[in-house]
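Predicted model only: the values in this text are computed from it and were never measured. Letters A, B, ... mirror the listed sequences (proteins, then strands); counts begin at 1.
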Number of protein chains: 2
Amino acid sequence: MKRITSINSKDFLPQLSVDVVIMGYQDGAIKCLLLRIKDKWLLPGGYVEQKQSVEEAAESVLELRTGLKGQHLKFLAVFGSADRDFKKEREAFLENPALKSIEIDDPDFFSRRYVTLSYYALVDIDKIHPELSFLDEEWQWFDVSKLPDMWMDHKDIVMTARERLKDDIRQEHITHNLLPEQFTMPALHQLHQVILETPIDRSRFQKTMLATDKFERLPKLKKDSPGRSPYLYRVKP
Amino acid sequence: MKRITSINSKDFLPQLSVDVVIMGYQDGAIKCLLLRIKDKWLLPGGYVEQKQSVEEAAESVLELRTGLKGQHLKFLAVFGSADRDFKKEREAFLENPALKSIEIDDPDFFSRRYVTLSYYALVDIDKIHPELSFLDEEWQWFDVSKLPDMWMDHKDIVMTARERLKDDIRQEHITHNLLPEQFTMPALHQLHQVILETPIDRSRFQKTMLATDKFERLPKLKKDSPGRSPYLYRVKP
DNA sequence: ACAAAAGTGTTCAGCCTACACCCATGG
DNA sequence: CCATGGGTGTAGGCTGAACACTTTTGT
């Protein structure tokens, strides 16, 4: 857990925050990493330093929470409504004693109206050991179709990311970090069905994927379950 | 021309600006509205008021420059690099005497690092009589493939919008405000070719468009040029 | 009548779809 | 040897590309 002792508001772009929807694939479901403060959950987020690009700020959030650099990270959307003024909500969860021990030059730093720039990242859940920061009390991976109560409009942000994922996989087919480096066609097939929330013909799927010429066949996998052993594939370099 | 006498920096979200690429279709080319300050051009833009959503700020810019409300306006992208610090450039064009007569409580208001949220709008050029604001000296519609020297990274923003237009017309086919309410298929064909920068088979085009069932055929157009008179169409309500 | 412009038809290839069938493996 | 699951084949339908043909109209 990171130790922060003071915040100088002038180091950051005011009233601008960055939230990152960190998603992975586990147990046949798309999951996203959420943090708990009090009785509700929220997205990992942060602020943009004066000397930092917005993109870098998002990378920092991702790195802080996952320990990993250079993951698949893309811009999602701007959340900039005027009624996006969650003063009461923020004040509620800012009653945290951890916060009281931190020096902040600007007492309203947290409670102003913010414009949020959201990003989304795809990661390998098994490779990640999330870290708590100074305000959040717990982390957990949630199935994006079974989200808990969340602070502010963070549920909207997650759902936006979840929909974007559909467009992405339709265009790119590939898995980024949602599958291990080597994977089987049935696994890829399963992933596509879960993301698109629709059944896809197995035969057509295999042929369409191989026709893209993006995948490379490797030796067969030894299996323990009954039935024919599938080939392994990887994304061509 | 709008008269501004003073600026209170606290009324706006700091270090956040909104630029709008206003595009139209005229003389067989996609054009965009630019403003001149000194010897270079820039996009119409503005800031986000504290009580205003980002979207509303973009609408204001559009309305201020075109006099029209409710035009087709969509989010484009974030421009948020850390080296996006155009202090020298801003200072150069802020030597404008018009600015000296305006009271600003924060002398650095214009010259800080900004994160820009860009939007793009599609308008009917012939319906618009652009207005100058307090800093810009001249407005002009430029063919997006023949842009002049521009301030900061505004040329990148225009090119991003120009590319986005391709995706949009591929998905939606329709014209928004780029053609008059009633138009001919040859005109629509021409527009698609210009936007996509590629020749499209005339026959295929007509059939594909009619197959979408988005268009409604109206009585024929009386023409003056030689050749058969085309039908008029409009987008179905 | 002719050229130019708009609208329609025809053919062919390729792709998507659905389903059937064949292979490999563990119990 | 059969149930299970992976891989491949095929017939039918749809769609898109290219090009030919017909219709309309000004000169």
Side-chain angles (χ1 to χ4, degrees), chain A residues 25 27-28 166-167 169-175 179-236, chain B residues 25 27-28 166-167 169-175 179-236:
Chain A
Y25 178 60
D27 304 329
K166 292 185 185 177
D167 298 340
I169 205 159
R170 265 192 278 258
Q171 283 194 12
E172 306 179 39
H173 306 303
I174 46 182
T175 74
L179 292 177
E181 200 191 335
Q182 302 192 2
F183 52 88
T184 65
M185 271 300 152
L188 186 61
H189 180 224
Q190 189 59 34
L191 174 62
H192 275 239
Q193 292 190 137
V194 168
I195 291 181
L196 296 173
E197 295 180 297
T198 177
I200 304 171
D201 182 86
R202 208 166 45 85
S203 159
R204 173 170 69 88
F205 179 80
Q206 181 125 348
K207 274 175 286 189
T208 327
M209 288 304 116
L210 296 180
T212 63
D213 204 42
K214 286 183 173 174
F215 301 95
E216 190 170 39
R217 178 179 281 185
L218 302 170
K220 281 196 182 184
L221 173 68
K222 271 279 169 241
K223 275 218 324 181
D224 44 1
S225 63
R228 182 172 178 173
S229 314
Y231 291 100
L232 282 172
Y233 291 85
R234 71 170 173 207
V235 177
K236 277 191 181 176
Chain B
Y25 178 60
D27 304 330
K166 291 185 184 177
D167 298 339
I169 205 159
R170 264 192 280 257
Q171 283 194 14
E172 307 180 38
H173 305 305
I174 45 182
T175 71
L179 293 177
E181 201 192 335
Q182 303 193 359
F183 52 88
T184 66
M185 271 299 152
L188 186 61
H189 179 227
Q190 189 58 33
L191 174 62
H192 275 239
Q193 291 190 137
V194 168
I195 290 181
L196 295 172
E197 296 179 295
T198 176
I200 303 171
D201 182 86
R202 210 166 43 85
S203 158
R204 174 170 69 86
F205 179 80
Q206 181 125 347
K207 274 176 284 188
T208 325
M209 287 305 116
L210 295 181
T212 63
D213 203 40
K214 284 182 175 175
F215 301 95
E216 191 170 40
R217 180 177 280 184
L218 302 169
K220 283 196 180 184
L221 175 70
K222 272 275 168 248
K223 277 216 327 182
D224 44 0
S225 64
R228 183 174 176 171
S229 313
Y231 290 100
L232 282 172
Y233 291 83
R234 70 171 172 205
V235 178
K236 277 191 182 179

Parallel under 30°, tilted from 30 to 60°, perpendicular over 60°: which one fits the rings of B:H192 and B:H173? parallel
Min side-chain heavy-atom separation A:L191-A:F183 under 4.5 Å: no
To the nearest angstrom, how far is A:L210 atom CG from D:dG6 atom C1'? 13 Å
A:H189 side chain to A:Q206 main-chain N or O, any donor-acceptor pair under 3.5 Å? no
Could you give the distance from OG1 (B:T212) to CD (B:E172), rounded to the nearest 0.5 Å? 12.0 Å
Which value, rounded to the nearest 0.5 Å, describes the distance between A:Y231 atom OH and A:L210 atom CG? 11.0 Å
Using a 3.5 Å distance criterion without hydrogens, assess whether the side chain of A:K166 forms a donor-acceptor pair with backbone atoms of A:E197. no
What is the distance from CG of B:L232 to P of C:dA5, rounded to the nearest Å? 18 Å
Just to be sure I understand the geometry, which residues of residues 189-208 of chain A put a non-hydrogen atom under 4.0 Å away from DNA chain D? A:R202, A:S203, A:Q206, A:K207
With A:L179 as partner, the option from A:T184, A:I174, A:L188 fulfilling side chain to side chain contact (heavy atoms under 4.5 Å, CB included) is A:L188
Quick one: A:L188 CG to D:dG6 P, roughly how many Å, whole number? 13 Å
Exam field: side chain A:E216 to backbone A:R234, donor-acceptor pair closer than 3.5 Å: no
Contact pattern, 5' to 3', of nucleotides 22-27 of chain C - B, S or - by protein heavy atom under 4.0 Å: -BBBS-
